[in-house]
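Structure record follows, encoded as structure tokens.
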Amino acid sequence: MEAHNGIAMNYLQKGYHALSTEVCSMGNSTSRLYSALAKTLTSSPVLSQQEEYLQPTDHEQLDPKDLLEECQVALQDRPARPLREFVTLQNDSSSQTFRVMQWNILAQALGEGKDNFVKCPLEALKWEERKYLILEEILIYRPDVLCLQEVDHYFDTFQPILSRLGYQCTFLAKPWSPCLDVEHNNGPDGCALFFLQDRFQLVSSAKIRLSARSLKTNQVAIAEILQCNETGKLLCFAVTHLKARTGWERFRLAQGSDLLRNLESITQGAKIPLIVCGDFNAEPTEEVYKRFASSSLNLNSAYKVLSEDGESEPPYTTWKIRPSGEFCNTLDYIWYSQHALKVNSALGLPTEEQIGPNRLPSFNYPSDHLSLVSDFSFNEISTRLL
């Protein structure tokens with residue numbers, strides 16, 4: 001990991017230089033958001049490899065409502081974003097609820113350099129505005145726990161901003177990120193996990209490089225045990241991003257099995273309730289999905305609640321057009337311990353009409369994946385047993 005951490009620190013310094021240039025070029029229209037970014041980075045020394053941005057900052061906290069308003073001002077020339085509404089199963093006012101957001105936000109280097117979204121205008125992929133769309137969506141739904149994949153602007157955007165919104169932040173880059181193959185990249189992409197410190201405190205954190213048949217792979221996961229500040233209950237949250245592409249199904253199965261083994265150990269055999277967020281790059285028909293659904297951890301997929309029978313996944317969580325064709329797939333999931341937790345609500349997905357004929361990404365949607373947001377609470381029976 002020493003080489004990886006060296007790369008990350010180099011890109012932190014590079015990110016600050018680029019940021020300073022951008023802030024200066026904005027003149028009188030310099031935003032509070034980017035002024036905050038510049039202030040954070042100029043006054044923060046480069047941290048040691050061991051700290052890795054896990055420590056909360058001492059800087060003045062930012063008001064999420066102010067930043068949301070600013071994002072919307074910055075995006076005022078873009079088409080209005082379609083409204084997504086929550087589907088509520090039950091209003092549970094008697095127990096503590098918490099919100100989880102899962103999202104592959106599309107690495108900037110891949111979006112502009114490798115992914116070939118042939119129907120997406122190049123202007124829609126520019127980071128100068130795409131970052132506002134991503135931040136706007138996070139600020140609208142204000143999750144207690146946020147799990148992201150394909151993060152290649154962690155050090156110069158997400159860690160500085162989200163830490164000042166009250167989140168504690170953890171990042172793990174892919175060992176051989178494809179972003180590094182793109183000219184003018186912003187460093188390696190990876191998984192990131194954020195939680196609100198006024199809701200939870202960190203008990204333990206594990207960074208996992210996934211294995212397949214005893215061989216270390218390029219895919220990673222983060223698993224953290226958190227303690228609820230109000231109730232004292234423990235929860236384990238994990239984020240991952242499995243290997244992409246057709247033909248790698250057995251490889252994904254091996255990675256998923258390795259992750260399950262790790263999580264079984266971390267949660268003490270499911271004694272600690274678990275939520276796993278990720279881009280699994282696997283349809284529900286794949287073996288890795290079936291392995292998660294049938295594991296000893298007793299997991300269920302939160303977004304099944306949107307279906308009429310309560311047993312089916314959504315028809316898509318990603319929809320894109322590439323030179324090789326159009327791809328409409330369900331690849332992203334929020335898994336949860338169904339013996340200990342229940343889904344109170346889930347954010348509905350946009351319709352085909354709302355997505356539009358050019359699909360994702362677009363001026364309305366900053367990623368080729370849609371965000372998933374669910375509200376959870378503890379089952380009453382499991383609460384008495386904990």
Residues 287-294, side-chain donor-acceptor partners within the protein, below 3.5 Å, at least two apart:
| unit_1 | atom_1 | unit_2 | atom_2 | d |
| --- | --- | --- | --- | --- |
| Y289 | OH | E313 | OE2 | 2.6 |
| R291 | NH1 | S257 | OG | 2.7 |
| S294 | OG | K290 | O | 2.8 |

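- Ion pair E129/R78 flagged as a salt bridge, since at least one NZ, NE, NH1 or NH2 atom sits closer than 4.0 Å to an Asp/Glu carboxylate oxygen.
- A salt bridge does not link D115 with K320: none of the charged nitrogens is closer than 4.0 Å to a carboxylate oxygen.
- Sorted by first then second residue, the ring-ring contact (aromatic ring centres under 6.0 Å, His included) pairs that include residues 195-233, not counting sequence neighbours, are F200-F237.
- Across C179 and N185, no two heavy atoms sit closer than the pair O-CB, 3.1 Å.
- In terms of heavy-atom proximity, Y154 sits nearest to A192 at CD1-CB, 4.3 Å.
- Residues L133 and F363 are members of separate hydrophobic clusters, defined by side-chain heavy-atom contacts under 4.5 angstrom among Ile, Leu, Val, Met, Phe, Trp and Tyr.
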Problem - I266/I208 under side chain to side chain contact (heavy atoms under 4.5 Å, CB included): CA gap, chis, key distance, verdict - result: CA-CA 11 Å; I266 292 169; I208 304 164; 4.3 Å; yes
Distance-only donor-acceptor pairs under 3.5 Å for side chains of residues 244-251, two or more places apart:
| unit_1 | atom_1 | unit_2 | atom_2 | d |
| --- | --- | --- | --- | --- |
| E249 | OE1 | G247 | N | 3.1 |
| E249 | OE2 | G247 | N | 3.2 |

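- In this structure, I140 CD1 and I138 CD1 are separated by 10.5 Å, a value rounded to the nearest 0.5 Å.
- A donor-acceptor contact shorter than 3.5 Å links the side chain of Q227 to the backbone of G232.
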Problem - Worked verdict on Y333 versus V276 for side chain to side chain contact (heavy atoms under 4.5 Å, CB included) - result: CA-CA 8 Å; Y333 307 97; V276 186; over 6 Å; no
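- Here T217 pairs with Q255 under the side-chain hydrogen bond (donor to acceptor under 3.5 Å, both in side chains) rule; sequence neighbours left out.
- Between the side chains of T170 and E224, at least one donor N or O lies within less than 3.5 Å of an accepting N or O.
- Atom-to-atom distance recorded for N281:CG and D332:CG is 8.0 Å, nearest 0.5 angstrom.
- Counting heavy atoms from C-beta on, the side chains of F280 and T240 come closer than 4.5 Å.
- Applying the side-chain hydrogen bond (donor to acceptor under 3.5 Å, both in side chains) test to N358 and every residue at least two apart in sequence or in another chain returns nothing.
- When every heavy atom of L370 is checked against every heavy atom of I355, the shortest pair comes out as CD1-CD1, 4.5 Å.
- There is no side-chain donor-acceptor pair under 3.5 Å between T97 and D375.
- Identified under the salt bridge (charged side-chain N to carboxylate O under 4.0 Å, His left out) test for residues 132-141, with sequence neighbours left out: R81-E136, R84-E137.
- Side-chain atoms of S307 come within 3.5 Å of backbone atoms of G310 as a donor-acceptor pair (strictly under, hydrogens ignored).
- At least one side-chain heavy atom of L372 sits less than 4.5 Å from a side-chain heavy atom of T317.
- Figure legend: K342 and F376 shown without cation-pi pairing, the cationic atom not lying both under 6.0 angstrom from the six-membered ring centre and within 45 degrees of its axis.
- For K304, the side-chain hydrogen bond (donor to acceptor under 3.5 Å, both in side chains) partners two or more places apart in sequence, or in a different chain, are N300.
- Closest approach of A221 and L210 over heavy atoms only: CB-CD2, 4.3 Å.
- Here S211 pairs with K216, D258 under the side chain to side chain contact (heavy atoms under 4.5 Å, CB included) rule; sequence neighbours left out.
- Side-chain contact check for S295 versus W335: every heavy-atom pair is 4.5 Å or farther apart.
- Taking the side chain as every heavy atom from C-beta outward, P64 and R142 approach each other to under 4.5 Å.
- Within the 4.5 Å cutoff, side-chain heavy atoms of F117 are placed close to those of D368.
- Between W103 and I134 the shortest side-chain heavy-atom distance falls below 4.5 Å.
- Between the side chain of N329 and the main chain of L331, no donor-acceptor pair closer than 3.5 Å is present.
- Atom CZ of R213 and atom CG of L253 lie 8.0 Å apart (nearest 0.5 Å).
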Problem - Candidate pair R359 and E326, rule side chain to side chain contact (heavy atoms under 4.5 Å, CB included), full reasoning - result: CA-CA 9 Å; R359 309 314 184 200; E326 185 167 345; 2.8 Å; yes
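- Considering every non-hydrogen atom in both P178 and N218, the closest pair reads CD-ND2, 4.5 Å.
- Under the side chain to side chain contact (heavy atoms under 4.5 Å, CB included) criterion, E112 pairs with Q108, L125, K126, not counting sequence neighbours.
- Looking at Y141, its side chain never comes within 3.5 Å of a backbone N or O of S371 through a donor-acceptor pair.
- At a threshold of 4.5 Å between non-hydrogen side-chain atoms, the residues I275 and L235 do not count as touching.
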Problem - Working for ring-ring contact (aromatic ring centres under 6.0 Å, His included), residues F155 and F171 - result: CA-CA 9 Å; F155 294 105; F171 174 73; 5.7 Å; yes
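- Residues passing the salt bridge (Lys or Arg N to Asp or Glu O under 4.0 Å) test with R130, sequence neighbours excluded: none.
- With sequence neighbours excluded, the residues that form a side chain to side chain contact (heavy atoms under 4.5 Å, CB included) with V118 are I321, P323.
- For the atom pair CZ (R99) and OG (S374), the distance works out to 9.5 Å, reported to the nearest 0.5 Å.
- Between the side chain of T330 and the backbone N or O of Y316, at least one donor-acceptor pair lies under 3.5 Å.
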Handout entry: Trace of the side-chain hydrogen bond (donor to acceptor under 3.5 Å, both in side chains) decision for D156 with N186
Key = CA-CA 9 Å; D156 65 359; N186 199 61; 3.3 Å; yes
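- Atom CG of L242 and atom CZ of R252 lie 7.5 Å apart (nearest 0.5 Å).
- Between V220 and P175, the closest heavy-atom pair is CG1-CD, 4.0 Å.
- The neighbour count for Q76 CD, taken as heavy atoms of other residues, nucleotides or ligands under 6.0 Å away, is above 12.
- Side chains of Q102 and Q149 form a contact here, defined as non-hydrogen atoms less than 4.5 Å apart.
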Exercise for the section: Apply side chain to side chain contact (heavy atoms under 4.5 Å, CB included) to L148 and C191, showing your working. Expected result: CA-CA 6 Å; L148 302 179; C191 293; over 6 Å; no
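- Taking the side-chain hydrogen bond (donor to acceptor under 3.5 Å, both in side chains) definition, one finds that S177 meets it with D189, sequence neighbours left out.
- Interatomic distance, CG of N262 versus CZ of R209, reported as 13.5 Å (0.5 Å rounding).
- Side-chain contact check for D309 and S312: at least one donor-acceptor pair (N or O, by modelled atom type) lies under 3.5 Å.
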